[in-house]
Amino acid sequence: MERTTLWDITGVDPDKARAVAAMRRQVATDPDRFWLDQAKRIAWDTFPTVACNTSFDGDVSIRWYEDGTLNASVSCLDRHLATRGDQTALIWQGDDAAISRKLTFRELHSEVCRFANVLCGLGVRRGDRVAIHLPMVTEGFVAMLACARIGAVHVVLFGGFSPEGIGERLIDSGAVAVVTCDTARRGAKRVPHKETIDAALSHAGTIGAVRNVIVVRVTGDDVPMKEGRDHDYTALVAQASPECVPEIMRAEDPLFLLYTSGSTGKPKAIVHTTGGYMVWATYTVDVTFPSEPDTTHWCTADVAWITGHTFVVYGPLSNGTTTLIYEGLPGWPQAGRWWDIIDRYNVSSFFTAPTAIRSLMRDGDDLPRRYSLASLRRLASAGEPISADAWLWFYEEIGQKRCPVIDMWWQTETAGPMLSAIAGAQPLKPGWATTPIPGLFASITNEKGEVVTPEGEAEGCLCFDSSWPGQARTIWGDHKRFRETYFTFSPGRYFSGDGARRDEYGNLMITGRMDDVINVSGHRIGTAEIEDAVATDHSIAEAAAVGISHDLKGQGIVVFVVARSEKVAPPVGDLARIISERVGRYAAPERVYLVNELPKTRSGKIVRRLLRKIASGETDSLGDLSSLADSSVVPALIAQVTAQS
Ligand code: WT7
């Protein structure tokens, strides 16, 4: 712990600190002026006259820049053509080190227009949803911007979702088309993308609204193509024009839906709209990762996550920054691939997740020392809490004590970083996400949602007091769930679902989720999703999933199941397989325990706190058991878990 006294090591520049303080003052006194100024960062067809029109009360209505009109792809592409048309916009590094591709802003513009024309030709219209289910290849990037170009709403689906998971999301979003690929490379393995989509579309005997499937040839593996429905990406694009007039959208028209997990088993599609999101993406990337003319920005997030949307695609491009994507795994075919890529392309801004940092630390310090890494100027981490140890390793071994490490806290719902140090303007503190970025006001409340300690040291629930342009507008098709999840806990505030601690200087540290959400390697999974999957096995009476601490993944999943009758209890291996199949392989549990009974309160609620303790082996600190309906369940449970461990 003593090492955390290093926390102001990267220094503070008084001019920068003054500039940031001035921004904070402006938002406090004239928020409309501040946010209309930020709106100038992007290209509009009609510049808005109002900034925010939001109410967190009543039915909850969030609107930004509502009389503005624009097309998101113009900010990312067209407006750069005159000044930096020949600058590289996108670098793609293939899994094979010998294969890579660079696209200038001009080339990317043409590719986006071609594919936008392809989508139009297939009958995709403004407001239609288009699912994108691809690995890290340029076509995924192009497809997102092509949707934006024609006003279609993209729904990027993670490659790790099961066919069922994808089918459910295709139906929920009402997607009319899917962009996928033959197969994807994952180390020595192949991920069957097309097969997964075929299975999803035949799932439950319905294809929902999907009329067209466009297949990118990533590996060249042979896949069946369905006449009339499936199309070859390259063949379509080859015939399409490289010019496409952008569709002019209203600021509050949806730009994309993105699925995430919450406290119920049903995944929710978070809705982000065009004007506010684009301003927010452009602002947050620039304020946290300021771009110099030769910046090459590499955020290792998959584009299927919000981090990918904002910090790989929209934010860097809108700022005119070169952005890099890598098809492969960090340690394939040998450790050090990431460091090689940093040297090869002179990456200056590097942004990754704590789970990756923890696994890279295991390769030892010698490995990164074999690379120069001299191009790096800024580092960032987000997605889960980063320990002070991992922070220091990243700072010392990768940043070579030259580069600030920014711990950013954000969510699918926030679309961009909410808590983040502004390097140079304030001290950094390992393990702490520090302060709200200029424009935001955070509160720590007690468990009833009340602010008891407005300033100084406090611990409780993390809320935000006012809206921001990139705030989620609703949950697709379920505004009631949106209101209830985020706005009823502390009336007048946005409740994040996370716990946080504040130090005497106002720095914030995230203590973890307060709801039934588990964060496995940065993947957010609702315990109910796992329990619902297990419940599809009819021999199971009930199940409870909990998250326990895991060295590499941050959290791992442990599932407790009660069989309907001892005679028909399924092997635990089958249950683990069901979870991987139904939810996705990223949700595979560490352990499944078959037990006779679960600990419950008198009102019948499962006491997960106890299960977590038992699963972590902390049986000597179980705490007060008096709220249990039957406390004799506990010793029996411990005995069964011990016998199965
Ligand atoms: C949840 C949101 C970078 C956003 C991508 C994840 C956890 C996120 C941090 C951080 C501690 C963090 C929170 C949050 N989280 N960043 N820097 N420190 N925890 O978006 O999948 O919607 O997950 O990730 O628990 O609520 P997401």
Side-chain angles (χ1 to χ4, degrees), residues 156-158 160-161 256-263 267-272 280-281 284-285 288-289 299-313 315 351-358 379-388 390-391 394 405-421 428-437 442 461-464 470-472 475 485-486 489 494-502 507-527 529 547 549 553-555 584 586-587:
V156 183
L157 299 173
F158 175 47
F161 288 147
F256 62 87
L257 311 184
L258 192 59
Y259 282 90
T260 188
S261 297
S263 301
K268 49 187 177 186
I270 298 296
V271 179
H272 285 293
W280 183 242
T284 54
V285 167
T288 58
F289 258 29
C299 164
T300 65
D302 193 293
V303 285
W305 306 119
I306 192 65
T307 332
H309 282 57
T310 308
F311 268 61
V312 177
V313 183
F351 178 172
T352 192
T355 187
I357 298 172
R358 288 190 296 267
L379 303 175
S381 152
E384 347 147 40
I386 179 167
S387 66
W391 192 102
F394 201 32
V405 172
I406 311 296
D407 176 8
M408 298 180 188
W409 176 92
W410 42 313
Q411 306 180 297
T412 310
E413 294 87 339
T414 72
M418 302 285 282
L419 303 181
S420 168
L428 307 170
K429 187 167 180 175
W432 290 65
T434 72
T435 54
I437 67 167
C461 315
L462 178 64
C463 292
F464 289 86
Q471 182 169 21
I475 292 172
T485 309
Y486 308 105
F489 174 76
Y494 168 79
F495 171 50
S496 67
D498 278 39
R501 227 170 88 197
R502 193 174 51 213
N507 288 309
L508 292 156
M509 167 199 241
I510 301 298
T511 52
R513 296 287 307 190
M514 312 207 68
D515 53 10
D516 295 325
V517 170
I518 307 178
N519 191 329
V520 181
S521 302
H523 296 176
R524 194 168 141 180
I525 304 166
T527 53
E529 282 175 76
S549 131
K553 301 179 182 175
Q555 283 191 294
Y586 64 96

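Each ligand, and each atom within it, is numbered from 1 in the order the structure gives. Starting from 1, each residue takes its place in the sequence as its number.
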With sequence neighbours excluded, tell me which residues meet side chain to side chain donor-acceptor pair (under 3.5 Å) with T288.
none

Determine, using ring centers only, whether H523 and W305 are less than 6.0 Å apart.
yes

When you measure from the side chain of E384 to the backbone N and O of T355, does any donor-acceptor pair fall under 3.5 Å?
yes

Under a 4.0 Å heavy-atom cut-off, what residues line ligand 1?
I306, T307, A382, G383, E384, P385, D407, M408, W409, W410, Q411, T412, D498, I510, R513, N519, R524

Just jot down the side-chain contact (heavy atoms from CB on, under 4.5 Å) partners of Q471, sequence neighbours excluded, or say none.
F56, I62, S467, W468, R473, F487, Y494

Under the salt bridge (charged side-chain N to carboxylate O under 4.0 Å, His left out) rule, what pairs show up with a residue in residues 518-527, not counting sequence neighbours?
E413-R524

Donor-acceptor pair, T414 side chain versus Q411 backbone, under 3.5 Å?
yes

